[in-house]
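Comments concern the structure below.
Numbers restart at 1 for each chain; the letters A, B, ... are given by sequence-line order, proteins then strands.
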Protein chains: 2
Amino acid sequence: MPDVKHFDPDAALDTAMRLFWRQGAASTGVQDVVAATGLSRSSLYATFGGKQELYRAALERYAHGRSQLLLGPLEEDGRGLPAVHAFFARLIDTRCTGEFARWGCMVSNAHAGAENADPAVRAVLERQHRRLRAALHTALLAARRNGQLADDADPETAADVLALLAHGVNLRSRAGADPGRLRATVTAAITALTGGG
Amino acid sequence: MPDVKHFDPDAALDTAMRLFWRQGAASTGVQDVVAATGLSRSSLYATFGGKQELYRAALERYAHGRSQLLLGPLEEDGRGLPAVHAFFARLIDTRCTGEFARWGCMVSNAHAGAENADPAVRAVLERQHRRLRAALHTALLAARRNGQLADDADPETAADVLALLAHGVNLRSRAGADPGRLRATVTAAITALTGGG
DNA sequence: CACATCCTGGAACGGTCATTCCAAGATAGT
DNA sequence: ACTATCTTGGAATGACCGTTCCAGGATGTG
């Protein structure tokens, strides 16, 4: 069976993901992907199907790749409150500096765009939001066990608040918000929600 | 001077605004605007210029129209904390029920899309964010004067947090978030930030 | 009614969109 | 080396993109 591809599908999908992430699905043409990946239209369509399926695959890759880089440590970090602080520190750092500065979050971006007309895309958005919320919730429960929470603090709604706050950070970072101010803002939010002084 | 237009420019711009609001600039074609407004390409271009200028005008109309409906009352309401609660109640109600349910906020949407590549658009986004933040800040200062704030509450960062939270609400409402849960979430956030029990 | 002026409808423009197709090239098994 | 099978580059597709243009209709003025 001679069916060895002349290119790396993973690398190509990663390149496409970055285009969709930065520009959105509607503003990214198949032509852009072809030019950026270097492979031909034939190979692209044969490997990934159409544009919509390519976007879905790119979004999945983001969820399991880039998103994992932020959520994974939060899910595994059992320290409680410090884990939450560390997560937001990483988040803001990622959103505001380095290669992906001003790109925001591909999931948050998909929320705001016409991409979410696709039910499959919406399912990913829901899954990722639930995952973020659950990770924060777990960390807050650990914080409670560790005695890092005030008695009147509610891990349920606090997780909801922080999850919404993350979306806000993602959005504002695309407009070039000051990372220092974002840090101060989320720190104040966490402190207030956990009853810290 | 026979120069009376055969249509109402305000109504046409409002129709275009709704298309851009719901679908985003990239996914809305001039053809869509022509079909929705009923006027011809000639009149559209003669009145508004090109598509980009039309989008800018629509965004401005949103800022001074729809956005004003939410921010205006907040800016004029001197009650302090109740004004903040009322603002978020109106916000969530607007985002989740009625004609504009699941449309999110045109300003938040523009943050996440390719629209903000236009410096003029970015300027509007900054202006609107500053306005929201300032209105919340003013309300929190009034709350302080009215003795509705705990001593350790900080109106500066609290305003920042709530402004980011509003973006989060706008985003999640597009995915069909449960308004009741959003209300509980923002209520918890306001309570925590203002030191209420 | 004649005129000048503006607005309107609709055709037409080149360019780009996503997608398909096919001949030519590369590969693995024999 | 031959063949079967798959991938590849690139042309070609029809549809739609934003934009321009122009003939003709409507309007207010003399």
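- A salt bridge between B:R127 and B:E60 is present, with a side-chain N of the basic residue lying under 4.0 Å from a carboxylate O of the acidic one.
- Within residues 109-124 of chain B, no residue places a heavy atom under 4.0 Å from DNA chain D.
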Contact string for nucleotides 14-21 of chain C, one letter per nucleotide 5' to 3', B = base within protein heavy-atom range under 4.0 Å, S = sugar-phosphate only, - = neither, reads ---SSBBB
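- Cluster note: A:Y55 groups with A:F7, A:L13, A:M17, A:L19, A:F20, A:W21, A:V30, A:V33, A:V34, A:L39, A:L44, A:Y45, A:F48, A:L54, A:L59, A:Y62, A:F100, A:W103, A:M106, A:V107, A:V121, A:V124, A:L125 through ILVMFWY side-chain heavy atoms spaced under 4.5 Å, whether in direct contact or through intervening members.
- Closest approach of B:T47 to B:S43, counting heavy atoms only: OG1-O, 2.6 Å.
- Straight-line distance from the CZ atom of A:F7 to the P atom of C:dA26: 17 Å, rounded to whole Å.
- Judged by distance alone, the side chain of B:N170 and the main-chain N or O of B:A166 form a donor-acceptor pair under 3.5 Å.
- With rounding to whole Å, A:L44 atom CG is found 15 Å from D:dG10 atom P.
- Taking OG1 from B:T37 and CG from B:D8, the interatomic distance works out to 11.5 Å, rounded to the nearest 0.5 Å.
- At a threshold of 4.0 Å, the pair A:R22-A:E99 does not count as salt-bridged, since none of the basic side-chain nitrogens sits closer than that to a carboxylate oxygen.
- The pair B:R172-A:E126 meets the salt-bridge criterion, since a charged nitrogen lies less than 4.0 angstrom from a carboxylate oxygen.
- Salt-bridge annotation for A:R122 and A:D118: absent, with no side-chain N of the basic residue lying under 4.0 Å from a carboxylate O of the acidic one.
- Remark: B:T185 engages no residue in a side-chain hydrogen bond (donor to acceptor under 3.5 Å, both in side chains) (not counting sequence neighbours).
- Applying the ring pair (Phe, Tyr, Trp, His ring centres under 6.0 Å) test to pairs two or more places apart or on separate chains, none has a residue in residues 139-158 of chain B.
- Residues from residues 9-21 of chain A lying near DNA chain D, meaning a heavy-atom separation below 4.0 Å, are absent.
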